[in-house]
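Worksheet: one structure, shown below.
We count ligands from 1, going down the list as the structure has it; atoms in each ligand are counted the same way.
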Amino acid sequence: MTTPLDSAPILEASGKKQSTQQERFEKVRTLVHSDSNSASKALALEVAEMIRARQAAGENLVLGLATGSTPVPFYRELIRLHEDEKLSFHNVTTFNLDEYYGLTQGHPESYYRFMRDQLFDHVDIPAEQINIPDGTVAMEAVYDHCLDYEQRIEQAGGLDLQILGIGRTGHIGFNEPGSSEDSITRMITLDRVTRQDAAADFMGVANVPRSAITMGVGTILKARRLVLMAWGGNKAEIVREAVEGEVTDQISASFLQDHDNATFLIDKAASTALTRFQFPWLVGTVDWDDRMRKRAVVWLSGKLQKPILKLVDEDYNESGTGELLASTSQEAYEVNISVFNHVQHTISGWPGGKRDADDTHRPERAFPFPKRVLVLSPEPADAFIGIGGTLERLKEQGHIVKLVFQTSGNLRVADGAALNFARVVLEMAEEESHANTNWKSQKEYANSIVEAIKEKGEFGIDPERVRKLKGLILRGEARDAASVCRMEYSESEFVDLPFYENGRYRRFQTTEDDVSLMNGVMNEFTPDIVFATGDAGDPSSVQAICFRAFEAAWNELSGAAWRRECNVWLYRGRDRPYEAHEIEMAVPMSPDQMDRKAESIRKFISIGDDDQNALIRNREAAATYDALGLAEYEAIEAFQKWKGNKAAK
Ligand code: GLP
C-alpha cells in the first residue's frame, strides 16, 4: 500500500490528474492523510498562510465555507491559530454554501448558528464580512435573494477558496442528484437520504426541513480553488465514485473532476475504496504477504463468481493477479487451498475460545476459561446491532460478560416517550390521591417535564432533567434488549460518558473525564477480551468519540498485567460492514438466533429506529462466505482484531 501523502501541499495548483501510476484511476487530485486531524491542521496552516499573504498585500481573502461535521476540526485549528498565533481574520470575507429553508438564525441546527458556534464567535472576523443564505426569506423573495447572493460573491471578487464536504448522495453544498453543472444559488428539495442523515441532529427525521437554499454547482466551480474533505469509512464508497467514476449530475461532487484546481483531502478510512488501496495489484507491484494474497483471491472469487477452490491459473493471469502466482511459484490450486483454509479458520461458533480444544487455528484462545468479556456499546442499541448473536453465545458458553453502555443515548429519544412517562405518572398520582397525598413531588416532576418539552418547542434543546428522563427510558429498553440476549440485569453498566451529556451532535469533543471513566471501567473489570466499535466511523460520531476515549484509556493502561493478554475485537454497527477479506472472526448465527437479535433491536422503541439493516448485513456476510465456497450459514457476525492492540498475536 502506498504511504499516505501527509506532507504534500494541499492548495498548490496541480492540474487535474494524479501523477503516479498508482493513482491512475483517480480523475481528480486526492490526498490521503492518516487522520482527519492531521489533514485539517495541514489545510488550516495553508489557509492561514494565504490570509497572511493577502494581509501583507493589503488585500482581502474570500473564503467559501461549509457546515456539517467534516470541517469542524479545520475550524478548531483556525481558532487555535487565531488564539495562539495571532492569526487575524479582519481581511477575510466568507460565503457559506447553504442554509436550511425555514430555520431562523437562532435555531440550534441552523447553519448560521453552527458557523457562529464553530468559528465566527471565536475569531475577529467583522460581522459585515460574513455571508450565509437566509433561510427565513419569504418564498416569493427567494429567487431575488439567491441572485443577490451570486452578485455579492462576484462583488467580493469571487471565491478564492471553497471548502466542501460531501453528503452520502454525493452532494456538495445541498446540490442533490440532478443538479446541473451550471446551476446557481437556488432553493432545492432535500433528498430522502440527506434528510435521514440529518435526523439525529434534528431529533427525528420528521423535524428535518424539506428544503434548503444552496450555492449551485456552477457557483462552486467558479471558485479558484476547491478542497473537498471527507472522513470515515462511511464516505469511502461515495468518495470513490466521485473521484474515479464518470462526471455525472447524479453525484455533484464528481464535477470537481472538471475543475483545474480541485483537491480531495481525505483520511485513511475514507480512502479504502479507491482502487489504489482496494485493489493495489491493479495499479502496480505489491508485496504479496498473506493478507494481500487473501485479499486478492477473495476479490478474484467474487469478481468471477467462482468459489475459491475452483479458480484456475488462467483466472489469475487474465485478471491481473498472475503476479501473485509468480511471487510464490505456486500453482493456483495451492494458493487457493491456503487462502481457503485461512478464511475457513475465521469461522468460529466460540467467540470466547473453545475450552480444552486445540486453538492453533481458532480466532480466539482456549484459555483462560471462562473469559472476562467486556462489550462496549457507544449508544445503547449498538451492541445489539453489532454483536447481538455473539453476545448470546458468549453467555451460553459460560463466559463472564459485562455490557457497558458508554453513552446514555438520550439525544435519540423522542419527546413523545418522555411525555408518555410523565403522563403515566400524572395518572398514577390521580389514582393514588384518593388514598394518600404523597404524590405531590411526583406530580410536580411530571408537570415540569411536560412544561419543559412544551417550552423548548419542536427543535429546542432538552433541559437536563428531560435528558435525564430520556436516558432512563432508554436504559430500560437496553436492559430489555440485553435480557433477550440472555444477559442478567446486573451484567449491564451505564457509564454516561460526560462528553455526551454536556453536548450535542457535531459539537461533541472527547474530554479527559471520558478517558478516565473508561480507564476505571477497564481496570476494575480486567477483561480478557474487549469488543469495541467506532474505529472507522465518522470521527465526530458518538461511536468514534467513544472509541477514542477507549483507545486513550487503553494506552494509559499499558502497564496493566491483564492488558498484555487482552484481545480487542472490533465490530461494526451502523458503519460500513467488513468486507470478506477483512474478517478475522466470523461468528455464525442460526435462524433462531437471528430472530432473537431482531427482537432485541426492536426493544428500542423510544428511538423509533428499528434498524433491521443489521440483520441484512449479517445475512449478506453469510452469503459472501457461501459464494467463496465455505459452509452455508443463515447469517454471520463479523469481527476484526484491533491492530492497535499490542497484545494481538
Ligand atoms: C450537509 C451539508 C453539506 C455537508 C454534508 C455532509 O448536507 N449541506 O455541506 O457536506 O451535510 O455532512 P457531514 O460533514 O456531517 O458528513
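- Proximity of the aromatic rings of Phe384 and Phe604 is defined here by a centroid distance below 6.0 angstrom, and this criterion is met.
- Residue contacts with ligand 1 include Lys235, since one or more of its heavy atoms lies under 4.0 Å from the ligand.
- Neither the backbone nor the side chain of Asp197 comes within 4.0 Å of ligand 1, counting heavy atoms alone.
- Distance alone, capped at 3.5 Å, places no donor-acceptor pair between the Arg152 side chain and the Glu150 backbone.
- Annotation: cation-pi geometry satisfied between Arg467 and Tyr500 (NZ/CZ under 6.0 angstrom from ring centroid, within 45° of ring axis).
- Salt-bridge annotation for Lys222 and Glu154: present, with a side-chain N of the basic residue lying under 4.0 Å from a carboxylate O of the acidic one.
- At a heavy-atom cutoff of 4.0 Å, ligand 1 is contacted by no atom of Ala66, backbone or side chain.
- Those atoms of ligand 1 with a heavy atom of Gly173 less than 4.0 angstrom away are 2 (C), 3 (C), 8 (N), 9 (O).
- With respect to the salt-bridge test (charged N to carboxylate O, under 4.0 angstrom), the residues Arg80 and Glu77 qualify.
- Residue contacts with ligand 1: Asp538 is placed with no nitrogen or oxygen under 3.5 Å of a nitrogen or oxygen of the ligand (distance criterion only).
- Using cut-offs of 30° and 60° on the angle between ring planes, the pair Phe550 and Trp642 is tilted.
- Contacts of Thr70 with ligand 1, taken as heavy-atom pairs under 4.0 Å, involve both backbone and side chain.
- For ligand 1 and Gly165, the ligand atoms under 4.0 Å from any heavy atom of the residue are 10 (O).
- When non-hydrogen atoms are compared, ligand 1 lies under 4.0 Å from the side chain of Tyr111 (C-beta onward) but not from its backbone.
- Using a 4.0 Å cutoff on heavy atoms, His171 counts as a contact of ligand 1.
- Note: no N/O pair closer than 3.5 Å links Thr194 and ligand 1 by distance alone.
- Using a 4.0 Å cut-off between charged side-chain N and carboxylate O, Glu176 and Arg195 make no salt bridge.
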